[in-house]
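Contents: one structure, followed by commentary.
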Amino acid sequence: MEFLKLICPSSPYIWDGNGISRCFNNIVLGFGTSMITLLIIIIVAITERTTRGRRKIYFYEKIFLLILPVSGAFMACFDIILLLSNTRSDHPALYHEWLLRCSQLLVWATILVVSRFDCWLFVLSNWILCFWWIMKLFLGIPILQAAFSSMEVFRCINESLIISVDILFGILVNIIRMKQASRRNSSMEESLLIGETDIDDHFRSKPGVLARFWNLMTFRSINLVMEHGAKKQLDFDDLLQLPTDMDPLFCHDTLLKCWEDQRRNDCVHPSLFWTICYAYGWPYMCLGLLKVLNDCLGFAGPLLLNKLIKYLQEGSGNLDGYILAISLGLTSILKSFLDTQYTFGLSKLKLRLRSGLMTVIFEKCLHVSLAERSKFSEGEIQTFMSVDADRTVNMSNSFHDMWSLPLQIGIALYLLYTQVQFAFVAGITITILLIPVNKWIAELIASATKNMMEQKDERVRRTGELLTYIRTLKMYGWELLFTNWLMKTRSLEVKYLSTRKYLDAWCVFFWATTPTLFSFFTFGLYVMMGNQLDAATVFTCLALFNNLISPLNSFPWVINGLIDAVISTRRLSKFLSCSETDNSSSSSSKLTDENMDILMKDACSVWSSSDQEVKELILDHVNLSIPKGSLVAVIGEVGSGKSSLLNTILGEMKLTKGSIHSNRSVSYVPQIPWILSGTIRDNVIFGKDYDPRKYSDVLEACALDTDVSLMVGGDMAYIGEKGLNLSGGQRARLALARAVYHGSELVMLDDVLSAVDAQVASWILSKAILSPLMDHKTRILCTHNIQAIFAADMVVIMEKGQVKWVGSPSECSNSSYASFVTTEELNSSYETETQVESGDTCIGVPESVVADQSEGIDIIDAADNIISVEERKEGRVETTVYMNYAAFSGWYITAITCLSALLMQASRNGNDLWLSYWVDTTAFEEHPTSFYLVVLCIFCLLNSVLTLVRAFSFAYGGLRAAIQVHNNLLKKLVDAPVAFFDQTPSGRILNRLSSDLYTIDDSLPFILNILLANFVGLLGIALILSFVQVMFLLLILPFWYIYSKVQFYYRSTSRELRRLDSVSRSPIYASFSEILDGSSTIRAFKSEDYFLARFVEHVKMYQKTSYSEIIASLWLSLRLQFLAAFVVSYIAVMAVIGSHGYLPINLGTPGLVGLALSYAAPVVSLLGSFLTSFTETEKELVSVERVLQYMNIPQEELEGHKIVDANWPFQGQIEFHNVTLKYMPSLPPALRDLTLTITGGTQVGIVGRTGAGKSSIINALFRLNPICGGRIIVDGVKISDVSLRDLRSRFAVVPQTPFLFKGSLRENLDPFNLNDDLQIWKALEKCHIEAEVRAAGGLDMEMKESGTSFSVGQRQLVCLARAFLKSSMVLCLDECTANIDTQTASKLKDAIASECRGLTVITIAHRISTILHMDNVLILDQGILVEQGNPQILVQDESSRFSSFAKASSM
């Protein structure tokens, strides 16, 4: 007993009447626990001392394993020093305290000693020690409870810190143990360990560990970037380097591996959500633990505030007040570190997930066949990349918030209970009543979002269609029609968007008014229960209400975010689950006959995906054997299945029956050549190694050497999107050059000769297809070219998806299919064949092939002339951008929104001031309680009404702005000249109409709302603090100076980073749009890896920008929170000094001082939130800025000052007088001082080599490009005087590239409903397409995107039928029979001759036979008319240019 008396001199041994005694706590739960811990560490260290091995941990884990024991040892030493000090001051020696503190020091010192040995990690992560550390945490709870019950401020803080270090160390060793176990059991996590360090690299080998840790915590790595940003325009080279684990390729491999595992486990319905969990679940859970600590620390402020106000009320003279005041600031600083580190960890995780998703989606598009992809529209797939990927990434925020927000609300409610007992139930009842309301609203929002996304997909698809075919639409005069269809889709999208926005407004209203109603009902019930309000209770409760505001307001957004994410993950899961093209299935099977290259047995294929019902076979029981090294000509009528045969061999179509065997590498040129944005060389070598000699030979063989030599920059000249600055013939030859250069054993060419004139076709055939470059290659050529057919080793005739005949060309002439070539053609073909075999041709290398095309620019120049570099603004976001957005929203609604926000804040501040007045006067009983409650009720009602007005006015204003921006932008784009679209990639424009518009629709109003709320909140706080705590005025000027300097330093960099972000995002979408068009070509060449690597580079630039952006914002956030922590401490210290009467001015009653302190606390979050929301608003306003750039693009001169007769043109006489046309000022003229007359009612053919300026005549006639000089007169009317759209509507045209859009065939033929069905069927009959249309489902059949329901030849026939229906006196045909077989072409020639009698018909032709029977022919060369006359006469004249064309062509 004497021993116990010595140990516990002034304390009961076990029970002190209220609970466990302090002595028992210290001896048993403190000293005893420490000694057991020490014993376990020593035993484990002895048993593990011989353990060797390599274990890996993250750098930050290593840092914490050092910092926590050092912190624990430091605190134990500090307590021992205090005990020594007390002993010297003649205080009784508390031996139980000595034992406790010394044992704690011993434990931490032992851990630090153990950490010097090689086996240290095996010791600390031992399962016994890990389990004991968890038990130790529970044993610490009574010590903490006793400390808080004592009401001694220093003891509470001290014990809290000691227990916190214990908790953190316990959690850390358990996390490390679980991760080690996870790595041993699963290989899935191994891919996440790139950024880790080996244990063998011990702390002592890292002298700069603490410096690195400090830099990591304070984000000093961004300093250099910010210095550059403050001085100059930032460039990509100035940005931070990415950590290894954030490299897009690494993220792609991680996510893809987990997705493949998921598909193996659940073949039917694999889930992207679970894939993400497997890939990033563990680091995400670790971040959750950090968030728990951060959220709990958030409540230290209100508790410290409670104790400080009580201290001020009691007027005590000790130092506790100063400790509490400084602790308020220190708590804020600690929370700032935790908050920013959590945000940093989460942002890094989101970036990794985003780049992983983008690259996986991109790769999927590269591997999914055209048939399988047909169940998704192009707009839908683009939305996967732009919108769905972002929404899935944002799920990371929502999931932690889903448990974190209820936790914060729960803790706040518990603390409220400690203040006002069960009176808080009145407030919580309001919250509970709102839960079913919010659930119902959330369901409505989910439905509206799903519908909105469907309409958004459709709008993006229609927008893409409009941008892709803008040139053709302008020629037809249909741009307004398409705009109206697009606007209908947009109005449906806006309808669902408005539903969502107004439902969001109700959410905001319910959740924003809850804290005010909460305080009213809580304090009302508390007083009615007979309690008296005091300052400590009221302002602790107010501080807790402030802590409630953020989670309560965030909850609806969290729910919305989760709903969006769930919908998006399902959409992405469905897309990623598509079956991929499996080349191995066709190539792995050994061919039974080694002499055969391709063997098709009973093959049936369709253009439908694996889960769609097969309606009609496209290839019907095809049996075909193709020998190695042969040239095979595949011929047949339009729509007979020639292209489908090639696509089936490539695996692009779904094989429903039979088998295809092929063992060889493939090169492929599609019917519409796919050209890559990049240089000529990029397009030819296509990812292969550059061989200069071979490259030069290929260019010459494909007649491209002359073209390339004329280009500025030679073969490094930049080719625009889809080859916009090349002619149709140049595009075809460039695609052919790619196939030849690759030297594959199997070459498939789909009608490659139809896009070039006869001379060039003959050259290509002899120098490329039949040359040594392609010797011993198997060549399959779909063609209508007679030279090629008779040069072939084997002819395959297709009809209605079946192989009808196979044999040699000579046998073909004696077969029942001899009608495919006329007798005249056969005679000339033998001559041609002989020439080809002997290697002799009737022409030399084609001269200047400078450019002609219906869908592009005639003459090529360097990249900087053709494709404009994307514009990037400098400096801050201009005030005009804000003004423009306010104007889009409406000035009236902007004023109402701002006024309602100010009044709402005033009512909230008034509510709090009234409470402080109530607290100060309640002791005097000046008014009855009911009076205070009635006034409080009035403030609550006012606040609720004003919140509702603000929420709905903001929703309305945001919607109005979204509608105005879209409509104005679309109008400006539609009225822009064709040259703008030639120089601007459609991906760049589409980025404005998808990603930027989504920001303006959704993100910008949301962040602006937050900015306004933060601004009025800060204004309210500043006014209240200045009124209540006069000393705060001394701080305002220096505080504002520092604040403005920091935010200016940050904002200049932030703006630059945001602009870099937008610029780096465009190539991602442009590249993605590009590969959607060319995926079949990429798959054929097996270049998927090359294109994925290119895309990864684009994503890497985007990733670098975002990474730098995040660190910059956290750099600012941390420093602002330090500043705010100083303000809190300053206000608190001034209040303590004032309570001692040391200040000359002190207006602070307990109520007002409490109010000041409760208002100073949220300054930490509000200041950070204000600047974050301000910079985020600036970032989001970059989207408005980018859209405004396109509001100022040049416009076509639509108006004309001459109104023409309704029947004009009457005769169709066309006169060109000294017409000069340039596509760009820096380029040579495409038409040079051209003078010609086309008599009304005549049929005229225009002939010339590639680039002669043939299509430029049509461009000038339709005023697609303004002429530089001269005039064009049609039937006596100068066309420049006529309204532009009226002019174009008077002419009919059939473009070189056939244009069909998604919709019914009737809409495609007659979108204005001007003709009845009988007239439409007659037009189809004249064009020999009636039977195919009836078979496909008639006029109501739905066309697929780009008209892929029909072959290219059939599409051209439908376009011709459309022209016949227009009944114009002027009909322009731009090589409309290029992709049609000779039989159909002959019939069409007769149809045009008979049906168009009396009309002016202008025909641009490569086939001489097409124009041989016309009234007149014009021969152009480099934009000059060099010859004209009757073709029958000119062909007889040996010296005429037309005669040389005719000789080169197999007529």
Side-chain angles (χ1 to χ4, degrees), residues 463 465-483 486 720-727 851-861 865-871 968-990 992-993 1187-1201 1219-1231 1253 1255-1272 1278-1291 1293 1295-1297 1299 1372 1374:
T463 306
E465 202 167 50
L466 177 73
L467 295 174
T468 304
Y469 297 107
I470 188 69
R471 176 181 287 270
T472 308
L473 290 172
K474 282 183 177 291
M475 290 175 88
Y476 282 137
W478 284 4
E479 66 266 45
L480 291 183
L481 175 73
F482 265 65
T483 304
L486 184 57
E721 192 177 24
K722 296 182 182 176
L724 66 92
N725 44 331
L726 295 178
S727 70
D852 84 356
Q853 99 182 72
S854 64
E855 292 287 320
I857 292 178
D858 273 77
I859 299 177
I860 297 174
D861 206 342
N865 288 334
I866 298 298
I867 305 300
S868 57
V869 176
E870 185 156 14
E871 189 181 337
N968 291 0
L969 177 61
L970 190 63
K971 185 181 185 307
K972 292 287 183 182
L973 285 170
V974 165
D975 292 346
V978 167
F980 169 76
F981 298 98
D982 288 342
Q983 294 166 34
T984 313
S986 63
R988 198 182 291 174
I989 304 172
L990 199 60
R992 258 75 167 185
L993 283 158
V1187 165
L1188 287 171
Q1189 285 173 6
Y1190 281 12
M1191 297 283 189
N1192 300 317
I1193 53 177
Q1195 301 287 282
E1196 288 186 310
E1197 294 177 17
L1198 296 173
E1199 300 303 318
H1201 53 264
V1219 172
T1220 299
L1221 173 66
K1222 280 187 177 186
Y1223 287 106
M1224 291 181 73
S1226 58
L1227 298 179
L1231 297 177
S1255 293
S1256 297
I1257 288 181
I1258 292 180
N1259 288 349
L1261 184 62
F1262 280 82
R1263 284 172 59 191
L1264 290 177
N1265 298 88
I1267 57 175
C1268 312
R1271 56 204 172 102
I1272 302 170
K1278 191 177 172 185
I1279 64 168
S1280 58
D1281 296 341
V1282 183
S1283 162
L1284 191 56
R1285 290 199 175 109
D1286 189 22
L1287 171 76
R1288 290 168 182 167
S1289 67
R1290 303 300 179 105
F1291 303 149
V1293 64
Q1296 186 174 355
T1297 305
F1299 163 60
C1372 301
D1374 193 351

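Values in this document were obtained by computation on a predicted structure and should not be read as measured data.
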* How about Lys1278 and Asp1281: do any of their side-chain heavy atoms sit closer than 4.5 Å? -> yes

* Asked: Under 30°, 30 to 60°, or over 60°: which ring-plane class applies to Tyr1190 and Phe980, parallel, tilted or perpendicular?
  -> perpendicular

* **Heavy-atom side-chain proximity of Arg1271 to Val1219 below 4.5 angstrom** => no

* **Distance in Å, Leu467 CG paired with Arg992 CZ, rounded so as to fall on 0.5 Å steps** => 12.0 Å

* To do: May I ask you to decide whether Glu1196 forms a salt bridge with Arg1263, counting only side-chain N to carboxylate O separations under 4.0 Å?
  => no

* To do: Drop me the distance from Thr463's OG1 to Leu970's CG, to the nearest 0.5 angstrom.
  => 7.0 Å

* Side chain Lys474, main chain Val974, donor-acceptor under 3.5 Å -> yes

* Does Arg1288 make a cation-pi contact with Phe1262, if we ask for NZ or CZ under 6.0 Å from the ring centre and within 45° of the axis? -> no

* Asked: From Phe482 CZ over to Tyr476 OH, what is the distance, rounded to the nearest 0.5 angstrom?
  -> 10.0 Å

* Asked: To the nearest 0.5 Å, how far apart are CG in Leu1261 and OG in Ser1256?
  -> 12.0 Å

* Asked: Which atoms form the tightest heavy-atom contact between Pro977 and Pro1194, and what is the distance?
  -> CD-O, 3.0 Å

* To do: Assess whether atom CD of Glu1197 is packed by more than 12 heavy atoms of other residues, nucleotides or ligands within 6.0 Å.
  => no

* Structure fact -> CG (Leu1287) and OG (Ser1280) are apart, to the nearest 0.5 Å, by 9.5 Å

* Structure fact -> Scanning both residues in full, the closest heavy-atom pair of Lys1222 with Cys1268 reads N-SG, 3.4 Å

* Say whether, by atom type as modelled, one donor and one acceptor occur between the side chain of Ser1289 and the main chain of Asp1286 under 3.5 angstrom. => yes

* **Non-hydrogen side-chain atoms of Phe1291 and Met475 separated by less than 4.5 Å** => no

* Contact check, side chains of Pro1295 and Asp1374, non-hydrogen atoms, under 4.5 Å -> no

* Do Asn1259 and Arg471 come within less than 4.5 Å of each other through their side chains, counting heavy atoms only? -> yes

* **Where Pro1266 and Leu1221 come nearest, the two heavy atoms and their spacing** => O-CD1, 3.4 Å

* Is the shortest side-chain N to carboxylate O distance from Asp975 to Arg1285 below 4.0 Å? -> yes

* Any donor-acceptor N/O pair, Glu479 side chain to Ile470 backbone, under 3.5 Å -> no

* From NZ (Lys971) to CG (Leu480), nearest 0.5 Å -> 8.5 Å

* Are any of the side-chain heavy atoms of Leu973 and Leu466 separated by less than 4.5 Å? -> no

* Structure fact -> In terms of heavy-atom contacts, Leu993 and Leu969 come closest through CD2-CD2, 3.7 Å

* Asked: Is the shortest heavy-atom distance from the side chain of Thr1220 to the side chain of Leu1231 under 4.5 Å?
  -> no

* Residue pair Asn968 / Met1191: nearest heavy atoms and the distance that separates them -> CB-CE, 3.6 Å

* To do: Please step through side chain to side chain contact (heavy atoms under 4.5 Å, CB included) for the pair Trp478 and Phe1299, ending with a clear verdict.
  => CA-CA 12 Å; Trp478 284 4; Phe1299 163 60; 4.2 Å; yes

